[in-house]
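Chain naming here is simple, since letters A, B, ... match the order of the sequence lines and numbering starts at 1 in each.
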Amino acid sequence: QLESRLSATLKKIRGLARLTEANMTEALKEVRTALLEADVALPVVKDFIATIKKESSGKDVHKSLSPGQQVVKIVHQELVKLLGGELVGITKAEKGPTVILMAGLQGSGKTTTTGKLALLLSKEKYSPMIVSADVYRPAAREQLAVLGEQLEIPVFKGDGLSDPLKIVKGALKELKKESLDLLIIDTAGRLQVDEEMMAELEAIKKLATPTETLFVADAMTGQQAAEVAKTFHERVGITGVVLTKLDGDARGGAALSVKGVTGCPIKFSGIGEKSDQFEQFHPDRMAQRILG
Amino acid sequence: TTRKIKIDDELLEELEEALIMADIGMPTTTQLLESLRLGAKNKELTKPEEVRPFLAKEIRKLITVKSTAKDEEMAEKPHVILMIGVNGAGKTTTIGKLANYYKNEGKEVLLAAADTFRAAAVDQLAEWCNRVGCDIVKHHPNSDPSAVVFDAMKAGIARKKDIVIVDTAGRLHTRTNLMDQLAKIRKIISRQMPSAPHETLLVLDGTTGQNALNQVKEFNAVMNVTGLVLTKLDGSSKGGAVVGIVNETGIAVKFIGIGEKIDDLQRFDPELFSKALL
Ligand SMILES: Nc1nc2c(ncn2[C@@H]2O[C@H](COP(=O)(O)OP(=O)(O)OP(=O)(O)O)[C@@H](O)[C@H]2O)c(=O)[nH]1
Ligand SMILES: Nc1nc2c(ncn2[C@@H]2O[C@H](COP(=O)(O)OP(=O)(O)OP(=O)(O)O)[C@@H](O)[C@H]2O)c(=O)[nH]1
Ligand SMILES: [Mg+2]
Ligand SMILES: [Mg+2]
């Protein structure tokens, strides 16, 4: 896609020995358009283009690749580098149980992902418990309880409790009592601009002291993905990202936006509604997808 | 004679960035900036302070769809509204808000809990039903959604309800079998009442980027989408993806969601929306 568009632009530099800033200008414009069409946030696009400019400037035009192929290769490599890094799993607590805190905007897939993650980690020899601290959304706690039942994973119900902090406290107590080693805390969806709700998230984190705070982001999120992730990271501190609904056809530029502004590793991909439709994030596959 | 306003590159870049960051997308942004250039050339705008209002007006033109009087009246009883859209967009919550909206207009509303798949989806709608004070038709989890719809249509007609609102499971438009299921639900409704569903509302998450256009096109290919609901506009996203969508498809935005509470629903106002985009 990008390659065929670039090939027209770069026909002009076919005879040239070197990729210079001058002959790259048109090509960089194409890359910018492709990234924006893929929903990568504008500030992240700007930084990325600057990097590509530096990377390709002065490079000799490849003998066996067309200039278009060469630019795409540089863009792809740079994307994979930005999106990836080493494959990272869940950080285990040094002593005591491991606590994972789920956070993100409304409807991004936190509750569903809580179930998926619990299932995955139970297969990795953890003994998980899950708890919902969402006291706002109608039937939110029921939703997690049903998932726990389906997956045969213990759920702290917190019946009679209506304060998220009391619920989390109760879950931590129950975890100790049952000698389980992992707690995943599902939280209510919230806007990063909602001061009260962001303060609540900070309070939950302070109480639960998780080793992982996972930002759950919808792969179809547009330009605001960067700003949202940045604020969650500044306020609460994210340690990892889950990108959901990748079974759709969104280009997924949000992945680059979130990684670009937080530097936090994208650890998992949600690829369906069922609890087993969950896998490790693949940076190379994501790079292909973003470039279209 | 007024001099032609000069729109310098710096201003153009500033405007382009604002439009892109509002999720308006490259093609529509290009189109809007071109109309700005023409406006300046034809002296439709002559002062720099007229630039933004001019652009807002151009955006308003793109998102305004001529509605006929009969669009707004509910000629048949029950008036059947089918809610569709991708996972997590805000369908169930919007139904709660809509039921309340119509109840406040003195209408008798019945809800159909046809999301029989997702954990606690029926419980979620039932809770909204309690808050609003209306009827609900629901079956056991994992039952056939078509059966729920069939029963809800029967009940809506028999109980002489003014409005029946059908909740459906979230689904990605890339899932052919789920899109087929949706088409089947529509047939079930039409078989009981040939003019129904009278309204098929596609719910779009306001934070979604350019994929929103794919969603509208794909859902509209299978169903006859009569209107859009744009949710979560109380966040930092501007929902600009609808501009290109409405312009291309002619499907109007009917309502917007501006929060999670029962009253957080407004009729779409193209004037307010276009001003807020910039
Ligand atoms: N197709 C698909 N659907 C998903 C995926 N992850 C979650 N969903 C669906 O997205 C919808 C929202 O998921 P939830 O888990 O309720 O999202 P949430 O973040 O907990 O929502 P709130 O608690 O309201 O903020 C549900 O219909 C899920 O089944 C995914 O990877 N693919
Ligand atoms: N801030 C805000 N949140 C909203 C709005 N509309 C819905 N939500 C929230 O978005 C989340 C998902 O809403 P649902 O009504 O469950 O969405 P859905 O489309 O029915 O989801 P599925 O049935 O799982 O596909 C919930 O947390 C809602 O409270 C809105 O206008 N503003
Ligand atoms: Mg949830
Ligand atoms: Mg729903």
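- Only the side chain of B:Asn214 comes within contact range of chain A, with heavy atoms under 4.5 Å apart.
- With a 4.5 angstrom heavy-atom cutoff, B:Gln210 touches chain A via backbone and side-chain atoms both.
- Of the atoms belonging to A:Arg32, it is side-chain heavy atoms, and not backbone ones, that fall under 4.5 Å from chain B.
- At a 4.5 Å heavy-atom cutoff, the contact between A:Lys46 and chain B is made by side-chain atoms alone.
- The shortest distance between side-chain heavy atoms of A:Met102 and A:Ile184 falls below 4.5 Å.
- When heavy atoms are compared at a cutoff of 4.5 Å, B:Met21 approaches chain A by way of both its backbone and its side chain.
- Applying the 6.0 Å contact sphere to CD of A:Glu149 captures no more than 12 heavy atoms from other residues, nucleotides or ligands.
- The shortest side-chain heavy-atom distance between B:Leu182 and B:Met223 falls under the 4.5 Å cut-off.
- For the atom pair CZ of A:Phe268 and NE2 of A:His282, the computed distance is 11.5 Å after rounding to the nearest 0.5 Å.
- In this structure, B:Phe255 CZ and B:Lys97 NZ are separated by 11.5 Å, a value rounded to the nearest 0.5 Å.
- The closest side-chain heavy-atom distance from A:Phe232 to A:Met198 is below 4.5 Å.
- Taking chain B as the reference chain and counting heavy-atom pairs below 4.5 Å, the highest number among A:Ala38, A:Ala139, A:Gly253 is found for A:Ala139.
- Looking at B:Asp234, the atoms closer than 4.5 Å to chain A (heavy atoms on both sides) sit in the backbone and in the side chain alike.
- Checked against B:Arg171 for a side chain to side chain contact (heavy atoms under 4.5 Å, CB included), the options B:Asn177, B:Asp115, B:Leu178 give a single hit: B:Leu178.
- In terms of non-hydrogen atom pairs under 4.5 Å with chain A, the most contact-rich of B:Thr92, B:Thr231, B:Thr208 is B:Thr208.
- With a threshold of 4.5 angstrom between heavy atoms, A:Asp194 does not approach chain B through any atom at all.
- Residue contact with chain A, scored on non-hydrogen atoms closer than 4.5 Å, involves the side chain of B:Val86 exclusively.
- Interface remark: B:Glu218 contributes no atoms to any contact with chain A (heavy atom separation under 4.5 Å).
- Using a 4.5 Å cut-off between heavy atoms, A:Gln192 contacts chain B through its side chain alone, with no backbone atom that close.
- With respect to A:Asp186 and A:Lys110, no salt bridge is recorded, no charged nitrogen being found less than 4.0 Å from a carboxylate O.
- Checked for salt-bridge contact, A:Arg285 and A:Glu279 meet the test: a charged N lies under 4.0 Å from a carboxylate O.
- Comparing B:Met26, B:Arg131, B:Arg118 by heavy-atom pairs within less than 4.5 Å of chain A, the highest count is held by B:Arg118.
- Using a 4.5 Å cut-off between heavy atoms, A:Arg137 touches chain B through its side chain atoms alone.
- Counting heavy-atom pairs closer than 4.5 Å to chain B, the top residue among A:Glu37, A:Glu227, A:Gln106 is A:Gln106.
- Within the model, atoms CG of A:Asp249 and NE2 of B:His173 stand 3.5 Å from one another, a figure rounded to the nearest 0.5 Å.
- Counting heavy-atom pairs closer than 4.5 Å to chain A, the top-ranked of the candidates B:Lys238, B:Glu260, B:Arg175, B:Glu127 is B:Glu260.
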